[in-house]
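Below, read A as the first sequence line, B as the second, and so on, with proteins coming before strands; counting in each chain starts at 1. Being a predicted model, the structure only gives us computed values, none of them experimental.
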2 protein chains.
Amino acid sequence: MANRAKATIFDIAREAGVSKSTVSLVLQGSGLIRPETASKVRKAIEDVGYVYNRGAANLRKAHSNVIGMVINDLTNPFFAELAVGMERVFQSAGIVPFIANTAENPVRQEEVLKSLMEQGVAGLIVSPARGTTPGAFRRIETAGLPVVFAMRRLPESRIPVIAPDNHRGAYLATAHLIGKGHRRLVFFGGSSDLVVYHERLGGFREACETQGIAARDALVVEGETSRRGGIGCLETALAMAEPPTAALCFNDAVAFGAMLALRKRGLEPGVDFAIVGFDDVAEAEHYMPALTSVAVDSAGLGERAAHVMLKMIQSRTTRAEDHIGAVNLVVRESCGPDRRTRNRTAGSGSMN
Amino acid sequence: MANRAKATIFDIAREAGVSKSTVSLVLQGSGLIRPETASKVRKAIEDVGYVYNRGAANLRKAHSNVIGMVINDLTNPFFAELAVGMERVFQSAGIVPFIANTAENPVRQEEVLKSLMEQGVAGLIVSPARGTTPGAFRRIETAGLPVVFAMRRLPESRIPVIAPDNHRGAYLATAHLIGKGHRRLVFFGGSSDLVVYHERLGGFREACETQGIAARDALVVEGETSRRGGIGCLETALAMAEPPTAALCFNDAVAFGAMLALRKRGLEPGVDFAIVGFDDVAEAEHYMPALTSVAVDSAGLGERAAHVMLKMIQSRTTRAEDHIGAVNLVVRESCGPDRRTRNRTAGSGSMN
DNA sequence: TTGATTTATTGGAACGTTCCATTTAGTAGC
DNA sequence: GCTACTAAATGGAACGTTCCAATAAATCAA
């Protein structure tokens, strides 16, 4: 049975026959205490079942050792990996990060941020929810709390960002498709309230432009960033008068959806229609056919974000440089050459 | 620029021309304060950019509003869904749960639990890491902190458990396979340090026994509980002198791995070899072929766990009843009838 | 008007820790 | 034996809140 009142350093002090200050010193691992006294105290701590009250300590210390991680969608393995990467580095710094999920809901995000601040976190790593208002972080900024954004950025904000090179990733992927002979391409999924969307779409467009694809052959179908969204996009695309032959998808989930929809129609992804994903989640490698995708190293970005945060805390600053992570295209089986284009090219290849 | 020192209720009091006690009352939404005074105070709160210090408050209040959620593997969507289910109910109770990941590492788990306790959580929902020692929760129990286990239980522990009916799920799935004509079955994946493993394996064995499968035809191949583990299991099984024709997999990840390995060998899951998964993660439905699996409703179990926790906190008890969630077999395309058995049965069907 | 009652507000102590300034004990130098 | 110093341990104030008991102001009953 638990003692009614929880033990405090006073109880330990009494038990060990020293003063509360001595106990406090031992707790902090101070070298000022004679080793035998220290071990006497430690024994007492064990005996009374003491648990340290960090809240009380922070009242004096002014800097906690907890860091908040705010994730917009934990069920997306992509973000979960990001979280795991961060945890790895915090762990070795003796910090336990607390993760909170916003489920892509700005209102929930507000609550979560408030709660984390009240808890006295030392810093915040945030992957902001879609639809976050520009002012959502003002309070936190004026409080002087270090914040870094991961994966996503807000339209106008001075908060440092750790994110993959979305533009370049999309460019690479699109160039790959064009190189395979595709001449009518589409960008699947996402919506314009996300900065990431504009970055990836920008890369797609630039690749089309510089590689001689006319603007009217660079299509865009917006949609949910989920499997379901991918299914919808594909159906929209194939219903067009002159359908595209290859798609760059906003993310892997959309790509999986699109491949699924192809199969449903009796078309084989990779041979009848080319698909490239984005993010390269673990599943991409194991899919049938294996998905060609832009790898962004989310765990690595998580680690990077954690390092930046640690540095900010240590140097008591609220500013840091952005970090744009390298990406690379992992070519697998989901995009072969365009058949129709090849035929067309055979007949009229010398005209362009 | 942030004010050097952070604002306290005293600052608000000065700003609003009232006493600190009044401010405190307003903060707590007490009805004792005259509405106009309250709004004057609220304005001051806004003006000075105040953030509530929950640590200081808890020093007096003795019960915090934070609940810790300790998850053994966040990258497994199954556990992520569990977390999301819990969050849903805590949110509507005005509580922000903090999630921490143990990455299936008992040492890490120890750190995480310690940190959460120091933070003064009101309760803990834990999906314990594999290899957790029986004594790992003793300190927490003697501290009188409410704990509930989710999904997994510890061998000998009085802590309430919220988990699916693993035995019955495995029984149903196995019976399904037997009903399809399979006469030589295998259980894939998992290892005996997990209580869940024994439960599921028990259901498998009972089904075999009661439906007339000889013990020597109910095989077991242990392995990692991942895609990779599934690949290994399948290869082991097919290398046997008399290979099985159907497998019940420890979880869906193992099942995906097994299906992958089948494909690699040119065998078609569902027609050449039957596979049933366990957990029914979102992906199961979208796989090719769609995976027959035992649905456990992890989000629902998460909600249940959260409710139990809330009730425990409210009634200041540390005990509660276990809750075994209903399961049901979702039949999809990954297990057709056994071809070989059917032939054999045709010849000697009347003998049994 | 007076006392009783209600309503709104307030000051002080307490919560469990850290940090600073002291005190105490022990050692060294002379 | 005295001072000077170091090492080890200590008491008190402070951190930002809540809660209780107390006060002040307003209303009511007589």
Side-chain angles (χ1 to χ4, degrees), chain A residues 3-42 44-45 48-66 114-115 117-122 143, chain B residues 3-42 44-45 48-66 114-115 117-122 143:
Chain A
N3 289 340
R4 193 76 226 106
K6 35 186 69 170
T8 74
I9 51 172
F10 284 91
D11 300 308
I12 299 170
R14 185 162 9 87
E15 184 84 3
V18 298
S19 79
K20 62 162 182 33
S21 302
T22 304
V23 177
S24 175
L25 259 0
V26 172
L27 248 18
Q28 297 171 80
S30 160
L32 292 178
I33 305 295
R34 198 154 39 105
E36 31 182 323
T37 309
S39 61
K40 199 170 52 181
V41 170
R42 267 189 279 271
I45 289 177
V48 303
Y50 169 76
V51 355
Y52 183 72
N53 185 335
R54 201 170 287 278
N58 286 342
L59 217 44
R60 288 284 309 184
K61 288 212 295 193
H63 61 280
S64 72
N65 76 147
V66 354
K114 178 151 168 275
S115 182
M117 292 213 63
E118 290 180 357
Q119 220 57 233
V121 295
Chain B
N3 290 340
R4 194 75 226 105
K6 34 187 70 172
T8 75
I9 51 171
F10 283 92
D11 300 308
I12 299 169
R14 185 164 8 87
E15 185 84 3
V18 298
S19 79
K20 62 163 184 31
S21 302
T22 303
V23 177
S24 176
L25 258 1
V26 171
L27 248 18
Q28 297 171 78
S30 161
L32 292 178
I33 304 296
R34 197 153 41 107
E36 34 181 321
T37 309
S39 62
K40 198 170 55 180
V41 170
R42 267 189 279 273
I45 289 177
V48 303
Y50 170 75
V51 355
Y52 184 71
N53 184 334
R54 203 170 286 279
N58 287 341
L59 216 43
R60 288 281 311 182
K61 289 212 293 190
H63 59 281
S64 71
N65 76 147
V66 353
K114 178 153 169 277
S115 183
M117 292 212 63
E118 290 180 357
Q119 220 59 233
V121 294

Reported CD-to-CG distance for the pair B:Gln119 and A:Asn65, which is rounded to 0.5 angstrom: 7.0 Å

Distance (rounded to the nearest 0.5 Å) between A:Arg14 CZ and A:Ile9 CD1: 12.0 Å

Touch class at under 4.0 angstrom, heavy-atom based, for A:Ser24 against every strand present: base

Donor-acceptor side-chain pairing of B:Ser24 and B:Ser21 below 3.5 angstrom: no

B:Arg42 vs B:Val26, side-chain contact (heavy atoms from CB on, under 4.5 Å): CA-CA, chis, key distance, verdict: CA-CA 8 Å; B:Arg42 267 189 279 273; B:Val26 171; 3.8 Å; yes

Qualifying residues under side chain to side chain donor-acceptor pair (under 3.5 Å), relative to A:Ser30, sequence neighbours excluded: none

Sugar-phosphate, base or nothing in reach of A:Tyr52, heavy atoms under 4.0 Å: sugar-phosphate

Rounded distance (Å) that lies between atom P of D:dC20 and atom NZ of B:Lys61: 13 Å

Distance, nearest 0.5 Å, that separates OG1 of A:Thr22 from CG of A:Leu27: 11.5 Å

Approximate separation, where rounding is to 0.5 Å, of B:Leu59 CG and A:Asn53 CG: 6.0 Å

Could you list, one pair per line, each protein nitrogen or oxygen that sits under 3.5 Å from a nitrogen or oxygen of nucleotides 25-27 of chain D, together with the distance?
none

Distance (rounded to the nearest 0.5 Å) between B:Lys114 NZ and A:Tyr52 OH: 9.5 Å

Axis-to-axis angle between the two ends of the helix from C:dT1-D:dA30 to C:dC30-D:dG1 (five base pairs per end, rounded to 10 degrees): 50°

Chain B contact limits on DNA chain C, taken 5' to 3' with a cut-off of 4.0 angstrom to heavy atoms: C:dA8 to C:dG16

Heavy-atom pair with the smallest gap, counting every atom of A:Lys6 and A:Asp11: O-OD2, 4.1 Å

Short side-chain to backbone donor-acceptor contact, B:Ser64 and B:Asn58, under 3.5 Å: no

Distance (rounded to the nearest 0.5 Å) between A:Gln28 CD and A:Lys61 NZ: 6.0 Å

Under the side chain to side chain donor-acceptor pair (under 3.5 Å) test, residues paired with B:Glu118 that sit two or more places apart: A:Arg54

Heavy-atom protein contacts under 4.0 Å, nucleotides 5-11 of chain D, coded B base, S sugar-phosphate only, - none: ---SSBB

Nearest non-hydrogen partners of B:Ala13 and B:Ser19, listed with the distance: CB-C, 3.7 Å

